Amino acid sequence: MLDIQGALKNLQSTVTRHFLHIQNQHPFMRAWAVQFELAYTDFRVVQLALQLAEETALLQEFTGAYDKVYQYESAFAFDGLEGFNAKYAADMDNYEKAKDDLLAVIDRIFKLQPDDPNDLI
């Protein structure tokens with residue numbers, strides 16, 4: 001499998017920080033949107049690596065988990081905090097579960113990655 005540890009680490013960090021940002025009711029900011037766009041690129045890199053490794057079941061699980069998080073993040077990215085709250089304020093528990101499920105799949109993908117004892121990637 002391709003070495004995608006950087007993309008996996010970025011996704012872990014971004015998904016976690018974005019959830020906390022919204023949970024704490026912080027307003028929309030441009031840096032958040034940039035991170036959102038970069039995380040999508042990391043998502044596509046992971047998808048490509050899973051396809052090339054013929055990890056079809058894991059690819060499907062990863063894509064499904066990301067799509068669940070994406071619905072929440074895109075609501076915030078497109079409509080800000082007010083738009084997010086109008087749509088998902090009562091659904092934060094499901095958002096947190098979606099985030100945790102995605103992080104669990106990312107952890108499983110990490111186990112397929114090459115050893116990096118110096119944490120250089």
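Owing to the predicted nature of the structure, the values given are computational and were not obtained by experimental measurement.
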Can F84 and F78 be said to form a side-chain contact (heavy atoms from CB on, under 4.5 Å), step by step? CA-CA 9 Å; F84 176 89; F78 302 149; over 6 Å; no
Any donor-acceptor pair under 3.5 Å linking the side chain of Q25 with the backbone of I22? yes
Donor-acceptor contact below 3.5 Å, side chain D3 vs main chain Q5: yes
For F19 together with Y95, are the ring centres under 6.0 Å from each other? yes
Return yes if some donor-acceptor pair links the side-chain N/O of S13 with the main-chain N/O of N10 below 3.5 Å, else return no. no
Gap between atom CD1 of I4 and atom CD of Q47 - 0.5 Å precision: 10.5 Å
The test is side chain to side chain donor-acceptor pair (under 3.5 Å); show your working for D91 and Y72 and say whether it passes. CA-CA 9 Å; D91 204 25; Y72 296 103; 2.7 Å; yes
Worked verdict on Q12 versus D107 for side chain to side chain donor-acceptor pair (under 3.5 Å): CA-CA 9 Å; Q12 280 179 322; D107 284 342; 3.1 Å; yes
CD (E61) and OG1 (T56) are apart, to the nearest 0.5 Å, by 13.0 Å
Please assess L50 against I109 for the test side-chain contact (heavy atoms from CB on, under 4.5 Å), listing each intermediate value before the final yes or no. CA-CA 9 Å; L50 291 169; I109 297 169; 3.9 Å; yes
Side chain to side chain, W32 and F76, heavy atoms closer than 4.5 Å: yes
Any donor-acceptor N/O pair, Q35 side chain to R30 backbone, under 3.5 Å: no
Any donor-acceptor N/O pair, Q113 side chain to L2 backbone, under 3.5 Å: yes
Centroid-centroid under 6.0 Å between F62 and F43 rings: yes
Tell me whether E96 at atom CD has more than 12 heavy atoms from other residues, nucleotides or ligands lying less than 6.0 Å away. yes
Which is it for I106 and V15 under the side-chain contact (heavy atoms from CB on, under 4.5 Å) test, yes or no, and what are the steps along the way? CA-CA 11 Å; I106 290 171; V15 166; 5.7 Å; no
Is atom CD of E37 surrounded by more than 12 heavy atoms (other residues, nucleotides or ligands) closer than 6.0 Å? yes
Do the side chain of H21 and the main chain of T16 share a donor and acceptor less than 3.5 angstrom apart? no
When clusters are formed by joining ILVMFWY residues with side-chain heavy atoms under 4.5 Å apart, either directly or through shared neighbours, do L102 and L48 land in the same one? yes
Going by an N to O cut-off under 4.0 Å, is there a salt bridge joining D101 and K97? yes
